[in-house]
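Read the structure below first, then the notes.
Throughout, a chain's letter reflects where its sequence line sits, starting with A, and its residues are numbered from 1. Keep in mind that what you see is a predicted model, and the values were worked out from it rather than measured.
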There are 2 protein chains.
Amino acid sequence: MSVTIKDIAKEANVSTTTVSRVLNNKPDVSDKTKKKVLEVINKLGYNPNGIARGLVLQKTYTIGLIIPDICNPFFPEVARGIQDKARQLGYSVIFYNTDNNKQREKEAIDLLKSKQVDGIILSLSMSNKEELDKLEEENFPVVQIDRKIPGSIFPTVTIDNILSAYNATKYLIELGHKYLAHITGNLGTKTGQDRLEGFKQALKEFNLDYKDEYILEGDYSKESGYKQMKTLLTQKKRPTAVFAANDLMAIGAYEAIFDYGLKIPEDISIIGHDDIDIASIIRPGLTTMTQPKYKLGQIAAEMLIKRIEGLESDNQQEVVLNTELIVRDSTGGWNDEE
Amino acid sequence: MSVTIKDIAKEANVSTTTVSRVLNNKPDVSDKTKKKVLEVINKLGYNPNGIARGLVLQKTYTIGLIIPDICNPFFPEVARGIQDKARQLGYSVIFYNTDNNKQREKEAIDLLKSKQVDGIILSLSMSNKEELDKLEEENFPVVQIDRKIPGSIFPTVTIDNILSAYNATKYLIELGHKYLAHITGNLGTKTGQDRLEGFKQALKEFNLDYKDEYILEGDYSKESGYKQMKTLLTQKKRPTAVFAANDLMAIGAYEAIFDYGLKIPEDISIIGHDDIDIASIIRPGLTTMTQPKYKLGQIAAEMLIKRIEGLESDNQQEVVLNTELIVRDSTGGWNDEE
DNA sequence: TTGAAAGCGCTAACAC
DNA sequence: GTGTTAGCGCTTTCAA
């Protein structure tokens, strides 16, 4: 049906080998035949069959991407970074959503392997070490993103949540705040734990008191931010600044504060985390920490492809990216004399 | 390196043909040999080579997805719908972002074809009819999403923007509003034109005056919404309700209204379009029209795969999906007596 | 019920 | 500089 290398060989009166040679820019072809072959290729509208090529080369120039959910606002930019870099390096990307379901993760890996992808970038559920181990055994090229499964030896690109929370908190402290509260994320998640850890570290570093009643667990939802902020506001001495583990909870906190007739940042400073779209749109603009999502994707893709092409051997490589503080209007200086 | 059908054939003392037969659940294999083969497969940890299979079958069980940008909030859900449905039907998806760049679109199509995908779901820039024509000529399975290139014969899944704008406007009218304004999208886009058209149709249908000064062109940005709302507010008779062609502009309009010390919806009702995340988070909650993005993806994938598998012949098929009104707090009843 | 052989479209030794 | 041949891993006639 489709025009093959054979067709163009026949038409050009050369062997398929010769055609293959010009196709792949190999030397040892006279300019004359090369020109002729090229002409025929153009005339017949030839498009090489990557599948056939993949079979003999044992290489598909395709990588797999396994993520929990492309609809999670963290991932589109990551995926975009991966695809852009992959494309630039000559690779395509097949993607799967798993919803952190172990069965689906296994299915995705098996499928990707049967499609003979050259490598896989993945973000697996923390408990799924088995699959990673299998991949490891086969020495399959893999790069983990966003989360690193403990004990796995594959290279990793992650965000430094501890440092990020530390920096967010430090910013608040440097603004003059002494009574700092933290609405944590779900403490069942590594991210939630890390951000809490960073918060604590900053307090310690600046010799500020650690108050249990100033640390309340949320679940990343706006509602939980609202609820926990209310709790914070009813305490005898209310905090003058709060770090919410994500922007959604920060926005929930906004509402609780407005409900109390207080002002941001005059009465209370709020800092969030993630820099979702809403952060720049809401009033006052939410000061937050932004994650280098696109860059994370790019780096992961580059690492994987280097590994695939044997340009990189260090399997233990761990890239930890820093977030960046975005100062908007929800945070302000504080002076306890006033 | 990897274990092949040959390895398991040897180990099981049968021919590769027999192995292939049990792999594909073909009849004419004795239960005994079948069992034995299955055992060996398990023992050796065999994973079929889809590339080799694809070569002989001329079928890869892979589809392509070409979109402008996965970071555009419209697409993640669409992509998710496509991937979920594809997976359910046994297909994988390779995706490309093109930024509406014609060169990149061509590149993506060529690459996908060389990867021998079984079909493509795409959203091309409106001017890129050539590529579509080529695909058409080859009778390649394609489904267009979001936008239909005029004159193309491929099946399409789109959102009915005219009807959607009509319904948004109608809702405002039924609330009692008689002075309706519209901040349009970029009128260089089909979407912008269609939403304006729907607005006009509703006015006409309800015998309301069409006022040029009540129709101001924006560019989908929050800033343009702000600016045009200001213009609206400075007119002698200001509108009591405005339909913004997207939520971002609606939110810009919010700010202009607040700047004037006016209240939503008491002084002015606002309705947006798209139901982005922010719509439910901002106060007052933004009434808007939501697009069935996930469903659009699912339908597109199902249409494409049916076509690939020859279960569907009607190439002219056009599915037009309706949006749904989400009533929040930015719209209220109006009575001109008051 | 089973196997031998051909071939999918391509690349790579190897020979000329 | 060019062609012959074999083979990548699989499915599918066709014959036994």
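Between B/I8 atom CD1 and C/dG3 atom C1' there is a gap of 15 Å when expressed in whole angstrom units. In this structure, NZ of A/K6 is placed 13 Å from P of D/dT4, rounded to the nearest angstrom. If you take CG of A/N49 and P of C/dC8, they are 12 Å apart, rounded to a whole angstrom. One can place CD of A/Q116 at 16 Å from C1' of C/dG9, the figure rounded to the nearest angstrom. When rounded to the nearest whole Å, the span between CG of A/N25 and P of D/dG1 equals 15 Å. Nucleotide D/dC10 holds its C1' atom 14 Å from the CG atom of B/N47, rounded to whole Å. If you measure from atom OH of A/Y61 to atom C1' of C/dC10, you get 14 Å, rounded to the nearest angstrom. Distance NZ (A/K115) to P (D/dC10): 15 Å, rounded to an integer number of Å.
Closest-nucleotide positions on DNA chain D for A/V29 and B/L55 were compared, and the one nearer the 5' end corresponds to A/V29.
Taking every side-chain heavy atom of B/Q58 into account, C/dG9 is the closest of C/dG9, D/dG3, D/dG9. With distances taken from any side-chain atom of A/D28 to the nucleotides C/dG3, D/dT2, C/dT1, the minimum falls on D/dT2.
Between A/S15 and D/dT4 there is no side-chain polar atom (N or O) within less than 4.0 angstrom of OP1 or OP2. In this structure, B/T33 reaches the C/dT2 phosphate: one of its side-chain N or O atoms is under 4.0 Å from OP1 or OP2. Phosphate contact (OP1/OP2 of D/dG1, side-chain N/O of A/T18, threshold under 4.0 Å): absent.
Separating the CD1 atom in A/I66 from the OG1 atom in A/T98 is a distance of 7.5 Å, to the nearest 0.5 Å.
As judged by a 4.0 angstrom heavy-atom cut-off over every strand, B/P48 is placed among residues touching the sugar-phosphate backbone only.
The existence of a salt bridge linking A/D84 and A/R80 is confirmed by a sub-4.0 Å separation between a basic side-chain nitrogen and an acidic carboxylate oxygen. A salt bridge links A/R104 with A/D99; the closest basic N to acidic carboxylate O contact falls under 4.0 Å.
Shown here is B/N24, whose CG atom has more than 12 heavy atoms of other residues, nucleotides or ligands within 6.0 Å.
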Nucleotides 11-16 of chain C: protein proximity per nucleotide (B base, S sugar-phosphate only, - neither; heavy atom, under 4.0 Å): SBB---
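Using modelled atom types, one finds a donor on one side chain and an acceptor on the other under 3.5 Å when comparing A/S15 with A/T18. With hydrogens and angles left out, the side-chain atoms of A/T62 and A/K115 include no donor and acceptor closer than 3.5 Å.
The only member of B/E130, B/E107, B/E131 that meets side-chain hydrogen bond (donor to acceptor under 3.5 Å, both in side chains) when paired with B/K102 is B/E130.
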